[in-house]
Amino acid sequence: MVLVKTKSKIALLCFLLFFQEIFLTPAVGVQLTLSQEQEPENVEHVIFGLNHDDWKVRANTLYSISKLDMQNPLYDESLSKVLFNQKVRKNLVNLLSKENQFLRVFNYFPEWINGEDVGEGYSGYYSYLIQTVAQFKDTTSVKLLVETLGIYSSRVVKESLAEIGEPSVRPLIEALRERRKRVYAASYLREIVGRDNRYAGTLSDSTRQLIKERITELLTSEEPIVRLNAVKVLGQFRETEVIEHLRHISRTDPHFYIKKIDGVEKKIYPISDEAKKQLKLMENQ
Amino acid sequence: MLLHKIYMYLFTYNRVIFTSLIVGISIFGCGDPVPNPPLSPELISALQQDYVDHNFSAPPSSAFTNGVSSFYYDFWDGQHLTIGHGYALNTAEVRFSGIAILDWDVNLDWNADDVMDYYFAIAQTQQVVPISSAYRNPTHNDEIPNASPTSYHLWGRAIDFDGYTDEQNQQISQAAESTNPTENVVHYGHCHVAW
């Protein structure tokens, strides 16, 4: 009995010694302290890179911390957690704001920056930045994401804004006023009110009404591409008033083009056809 | 008599030379691009190795395909989208001009069709739009000045429509919006669309 007790005590002692060796030694303590200190160090390093004067340094810093849906040879797994840091996120949003301001001067992607041919590199980096910020699904970045329309558009941004829902609508409605942004803004609004958007139900009635009204106004646009997109958005509303509009468009829209089908030229009315398609989709629902 | 002979010589042989030149230019586009080599296992291996050399995981062999055509893309009753610089250069210095190197779920042929369909419908034109770039293997991508290391061209997911004017590029971009692209941008004198 005494022997058993002694053996148990020895085993317990061994366990405690082992535990101390593994978890409580000064070396481990130092490591723990280091890892706690490492995060701010990386964060500061990343923030420094994101705010660098040279766009290529900013780009490479971004590539090292963000992994989108593609292979990225510059991505550094050890830095991945930095992207969850609020300070870093805030800096990325600020960075998008700065790049937007820079692009606003040109109103398109410049081919030269500081006397250097930037090729596709700068727009590639800008695209990566927008998609990274869009994935935060942060309401405070909505305005910045909408600002990029007319220069850049992306399914990733569109889906994020659709998920954000209500706060995305006003900036997009504003964007409808600008000729260059109109088509893209309509396309984004279509996603927001889309039949397939599981967040569409979160929109208030007044917001849906606002979208419907503004988009209906576009049906009289002189630009066929705008009318086509307006029809696509309205097709998401299964309401009598909208059905009437679509029926009218399907009968009256004058836009056509000639297409050769089996060697025979035929008039095609794409906007009228789209209205018919949307009406049919409504019927089948 | 001598003059007549010279005239006949020039007429006969120059016509042959001239015709050959026209055919050559129309096929090879002044030497750029050249037709695809067949997608042999060796070529696929070389392309896969190119990805590994550039720190990517190599796409599976099944991801590489010659697609519909080598460098002319059939479109609406014999019209063609031409590929200007859509070739790639692999490590073995084999030029590759495939438009339809497929990503796992992206078919550039169909997407190009859709974009042009919308564009022709809206712009009321059937003016052929050249494609200046499609698939690029990593070595070829590196040759582009300041190319993006994460370019969708590397994965056969992007097409550059080389419109003749900024306005035309903008129209193509607006048309492309209906195809729900991952990237849709007018830059560097062309409309870049990725899915």
Side-chain angles (χ1 to χ4, degrees), chain A residues 56 59-60 63 67-75 108-111 116-128 130-131 148 150-156 158 180 182-184 186-188 191 223-226 228-229 232 255-263 268-271 273, chain B residues 51 53-59 76-79 103 117-126 133 136 138 141 143-155 157-158 160 166 169-190 192-195:
Chain A
K56 279 187 271 189
N60 286 339
Y63 292 136
K67 191 175 190 294
L68 299 176
D69 72 330
M70 61 185 80
Q71 287 194 44
N72 169 2
L74 300 180
Y75 179 63
Y108 57 86
F109 282 106
E111 294 180 12
E116 188 203 5
D117 183 352
V118 294
E120 299 172 1
Y122 181 77
S123 59
Y125 145 66
Y126 183 71
S127 164
Y128 211 85
I130 294 173
Q131 291 189 45
T148 68
I151 293 178
Y152 175 90
S153 87
S154 167
R155 179 174 48 81
V156 177
K158 195 191 288 185
R180 191 171 168 156
R182 203 167 284 150
V183 167
Y184 308 98
S187 162
Y188 280 30
E191 183 79 16
E223 294 178 80
I225 187 81
V226 175
L228 180 74
N229 277 279
K232 286 182 177 189
H255 181 76
F256 72 91
Y257 68 106
I258 306 288
K259 185 177 180 179
K260 266 187 186 174
I261 298 173
D262 297 330
I268 306 283
Y269 292 82
I271 300 163
D273 289 350
Chain B
Y51 282 85
D53 293 344
H54 287 78
N55 296 322
F56 293 110
S57 302
W76 283 10
D77 301 323
Q79 292 197 56
D103 191 51
D117 218 349
Y118 278 111
Y119 171 66
F120 285 175
I122 293 307
Q124 287 179 302
T125 177
Q126 290 193 34
S133 190
R136 297 175 195 153
N141 196 56
E143 292 171 344
I144 312 290
N146 280 317
S148 168
T150 58
S151 172
Y152 285 94
H153 287 286
L154 285 164
W155 309 102
R157 290 175 62 178
D160 292 342
D166 284 346
N169 281 325
Q170 202 63 51
Q171 279 183 321
I172 296 166
S173 166
Q174 289 180 340
E177 191 60 24
S178 290
T179 65
N180 207 20
T182 304
E183 277 184 333
N184 181 5
V185 59
V186 175
H187 68 173
Y188 220 60
H190 62 254
H192 164 94
V193 190
W195 293 273

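Values in this document were obtained by computation on a predicted structure and should not be read as measured data. All chains are named by letter (A, B, ...) in the order of the sequence lines, taking the proteins before the strands, and each is independently numbered beginning at 1.
Of all heavy-atom pairs spanning A:Phe109 and B:Val185, the tightest one is CE1-CG2, 2.9 Å. Across all their heavy atoms, B:Pro149 and A:Pro73 have their closest contact at O-CD, 3.8 Å.
In this structure, the portions of A:Ile225 lying under 4.5 Å from any heavy atom of chain B include both its backbone and its side chain. Looking at A:Ser153, the atoms closer than 4.5 Å to chain B (heavy atoms on both sides) sit in the backbone and in the side chain alike. Proximity to chain B is absent for every atom of A:Tyr126, based on heavy atoms less than 4.5 angstrom apart. Residue B:Gln171: no heavy atom, backbone or side chain, is found under 4.5 Å from chain A. For B:Asp160, the part lying near chain A is the side chain, with the backbone staying farther off; criterion is any non-hydrogen pair under 4.5 Å.
Chain A forms more heavy-atom pairs under 4.5 Å with one residue of B:Gly189, B:Ala175, B:Ser151, B:Ser178 than with any other, namely B:Ser178. Listed options A:Lys56, A:Arg182, A:Glu223, A:Gln131 were ranked by heavy-atom pairs under 4.5 angstrom with chain B; first place goes to A:Gln131. Ranked by heavy-atom pairs under 4.5 Å with chain B, the first of A:Ile130, A:Thr148, A:Val183 is A:Val183. Among B:Ser57, B:Pro181, B:Ala176, B:Ala194, the residue with the largest count of heavy-atom pairs under 4.5 Å with chain A is B:Ser57.
The CZ atom of A:Arg180 lies 5.0 Å from the CD atom of B:Gln170; values are rounded to the nearest 0.5 Å. B:Ile122 contributes atom CD1, which lies 5.0 Å from atom CG of A:Leu228 (distance to the nearest 0.5 angstrom). Atom CD of A:Glu120 is separated from atom CG of B:Asn141 by 8.0 Å, given to the nearest 0.5 angstrom. One distance of note links OH of B:Tyr152 with CG of A:Leu68; it measures 6.0 Å at 0.5 Å rounding. The structure places CG of B:Asn55 at 15.5 Å from OH of A:Tyr75, a figure rounded to the nearest 0.5 Å.
The side chain to side chain contact (heavy atoms under 4.5 Å, CB included) search around A:Tyr125 returns A:Trp55, A:Arg58, A:Ala59, A:Leu62, A:Tyr63, A:Leu95, A:Glu99, A:Tyr122, A:Leu129, not counting sequence neighbours. A:Tyr188 pairs by the ring pair (Phe, Tyr, Trp, His ring centres under 6.0 Å) definition with nothing, not counting sequence neighbours.
With B:Asn180 as the fixed residue, the side-chain hydrogen bond (donor to acceptor under 3.5 Å, both in side chains) test singles out one of A:Lys158, A:Arg155, A:Glu191: A:Lys158.
Within the 4.5 Å cutoff, the side chain of B:His192 has no heavy atoms near those of the A:Ser123 side chain. Put simply, the side chain of A:Gln71 reaches to within 4.5 Å of the side chain of B:Trp155, judged on heavy atoms.
At a cut-off of 3.5 Å, with distance as the only test, a side-chain donor of A:Asp117 or B:Tyr188 sits close to an acceptor on the other residue. Between the side chains of B:Ser173 and A:Tyr184, at least one donor-acceptor pair of N or O atoms lies under 3.5 Å.
Between the A:Ser154 side chain and the B:Thr182 main chain, a donor and an acceptor come within less than 3.5 Å of each other.
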